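All remarks here apply to the structure that follows.
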Amino acid sequence: MSAFVRDVLAAYLTAAALVAVGFGLLRAVLALGMERRLDARQTLRVGRVTLGLAVLLPFVGLAAREWLPSAPLFTFERSLVRHVAPLTPAEARPVRGAVQEAASSGPGLPWASLGLGFLGVGTLAFLAWELRRYARLRRKLEALPVLRRVGRVRVVLGDAAEGAFSVWFPGGGAWAVVPSGVLEDAEALRLTVRHELQHHRQRDTVLAYARLGFDSAFFWNPFARAFSRWLAERQEFACDEALVAVKRVSPEAYARCLLQASLRVPVAFSLPAGVTGMSHPTVRRIRMLFQPRPRSSVRTLGLSLSLALVLAPLALWAQGAVRGRAVSLTEARALADAGRKEGDLPVVVDAAVVEQLNRFVTTPKGRDFMRKALANLQTHREAMTGTLRSRSLPEELLAVAMVESAVSNLPETSREPSMAPGQRGAGVWMFIPETARRYGLKVEAGRDERLDVARETEAAATLFQALYARYGDWRLALAAYNQGEGVVDRVLAETGVRDVSELVRTGKLNGYTATVQAGVLLLRNPHLLD
């Protein structure tokens, strides 16, 4: 799974969590007395702002993190040995001249793939079901008798056993449905029509589609469904309040209309998700008509800002926890450029390098492996870097030993993990017998010079010199170190391409080069593992 898809999934899961947190905070604040200081329309406005913040903040944070020119989460250091972090468990590994290895794929995350599939299918199924209900509803409304037209709104007569509701269809007009039972009472008919028209004036019927999208996207989340129902109730309260407070409708007459409606509609009736209308009038709606209504907009703004100040840090924290401190492409490039000096091993940061770096930084096995590698490096560092310097080779070739063996002097029979693909070798640099003998190391029954760190490092330095002289490109040299000169020569001859990023992307070379370059970034920035 690509880093982008993982980031989007993490932002989605963060949003789902924030919906629950935001809803809980809002209900708690209102229950502690704030509801008496806000009218119904202000409460509805705060609820919509809270929902918008909960859903959008994780994605805004993701976009900002990806597009900022530098990464504030990291300080750029050049310390070579400190604590290190994680890599993912690996298999065996060959050294150059060995077996061809398929392109390295990222760490398998079947649970994430299955989760994405479930969410995608569920969202589309829920949305298709509700849109189908919308289509049936529209056909039904077109067959109902029209009582009158108010602007672009058609007032139609519905079933006596159903309640009143409003709906708007993009390109298909707006509708207000009133039950036929209200025809016997002219006052009830007038108030019912005014109530449904108010929904259109407040754009509730347009915002219903946003609620439909929200309900579909979070169909599995009980807190999201509860939040959606709560907003639907507040829409009705706000509409009632607007009629009584602004349109000067008599509260007594309106309460009588609601009581009659409760007798006409003894049971709940089903509406498509997002259609404005309550399944049944409530006692609370009637009581609300006679309550005092504060009009201070300052409280609305203050409560919205307070909730934003709580949700924004939670969004950043929760997203970071879900995403596992992953590094973005922009951040990785900043890390590669910030500490580089002349003579360093060049790091070309592409998607494969970022993926490997995040395997080191975000997975427990990866962190454990790389922390072990950096700790072991302290033991052998002086001897190894002295040899590399004497040959005018980049000191950061130490990342090869980190990836190959966690800088552990291992026999060929060891089952300790390696991050390098292919046939397994021995020693710190993991030479296979054929290559070890070619570069002057004795590999015999009673003597294996691959386990002599000084001798093996000399051989590795000679090999690096030969490979770089052959290809003139450190990334091709690293690919040949793992897969062999024969494989690299054949790939270059067949494709005519020398860009290792492209060869890895198309599967011509495996991901070893990206893994080593991710190791170089950790050598420069070990604090990523803290």
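Side-chain atoms are counted along with the backbone in the values below, which use heavy atoms only and exclude waters and symmetry mates. Small disclaimer: the values here were computed from a predicted structure and weren't measured.
The two atoms that bring Leu26 and Gly47 nearest to each other are CD2-CA, 3.7 Å, heavy atoms only.
Residues Leu492 and Val497 have side chains not in contact (no heavy-atom distance under 4.5 Å, counting atoms from C-beta outward). Between Leu528 and Leu522 the shortest side-chain heavy-atom distance falls below 4.5 Å. Looking only at side-chain heavy atoms (C-beta outward), Val49 and Leu307 stay at 4.5 Å or farther from each other. Between Leu119 and Leu9, the closest side-chain pair of non-hydrogen atoms falls below 4.5 Å. In this structure the side chain of Phe227 never reaches within 4.5 angstrom of the side chain of Asn221, judged on heavy atoms. Counting heavy atoms from C-beta outward, Cys257 and Glu187 have side chains that stay 4.5 Å or more apart. Between Tyr512 and Val403 the shortest side-chain heavy-atom distance falls below 4.5 Å. Side-chain contact between Arg133 and Arg136: present, with at least one pair of heavy atoms (C-beta onward) separated by less than 4.5 Å.
Interatomic distance, CZ of Phe169 versus OH of Tyr134, reported as 7.5 Å (0.5 Å rounding). Distance check: His200 NE2 to Leu197 CG gives 6.5 Å after rounding to the nearest 0.5 Å. In this structure, Leu25 CG and Thr50 OG1 are separated by 8.5 Å, a value rounded to the nearest 0.5 Å. The CG atom of Leu131 lies 8.5 Å from the OH atom of Tyr209; values are rounded to the nearest 0.5 Å.
Here Arg154 does not pair with Glu142 in a salt bridge; the nearest charged N to carboxylate O distance is not below 4.0 Å. Here Asp204 pairs with Arg48 in a salt bridge; the nearest charged N to carboxylate O distance falls below 4.0 Å.
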Residue pair His199, Glu236: steps toward the side-chain contact (heavy atoms from CB on, under 4.5 Å) verdict: CA-CA 8 Å; His199 278 305; Glu236 295 299 320; 3.0 Å; yes
Step-by-step salt bridge (charged side-chain N to carboxylate O under 4.0 Å, His left out) determination, Lys140 to Asp159: CA-CA 11 Å; Lys140 176 182 176 180; Asp159 294 340; 3.7 Å; yes
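A donor-acceptor distance shorter than 3.5 angstrom exists from the side chain of Glu196 to the backbone of Ser166, with no hydrogens or angles considered. Side chain of Thr123 to main chain of Ser216: a donor-acceptor pair is present (N/O by atom type, distance under 3.5 Å, no hydrogens or angles). Without hydrogens or angle criteria, His195 side chain to Phe165 main chain gives no donor-acceptor distance under 3.5 Å. Side-chain N or O atoms of Glu130 include none that pairs as donor or acceptor with a backbone N or O of Leu212 at under 3.5 Å. The backbone N or O of Glu241 lies less than 3.5 Å from no partner atom in the side chain of Tyr254, so there is not a single donor-acceptor pair. Counting only distance, with no hydrogens or angles, the side chain of Asp499 and the backbone of Ser501 share a donor-acceptor pair below 3.5 Å. Remark: side-chain polar atoms of Ser228 are not paired, donor with acceptor, to backbone N or O of Ala224 under 3.5 angstrom. Of the possible donor and acceptor atoms, none in the side chain of Asn482 sits under 3.5 Å from a partner among the backbone N and O of Ala420.
Between the side chains of Arg359 and Gln356, at least one donor N or O sits under 3.5 Å from an acceptor N or O. Inspection of the Thr513 and Arg475 side chains reveals no N or O donor paired with an N or O acceptor under 3.5 Å.
Side-chain rings of Phe118 and Phe219 approach one another, their centers coming within less than 6.0 Å.
When the shell of 6.0 Å around CH2 of Trp129 is examined, it contains 12 or fewer heavy atoms from other residues, nucleotides or ligands. Around CZ of Arg132, the count of heavy atoms belonging to other residues, nucleotides or ligands within 6.0 Å does not exceed 12. Within a 6.0 Å sphere centred on CZ of Phe223, heavy atoms belonging to other residues, nucleotides or ligands number 12 at most.
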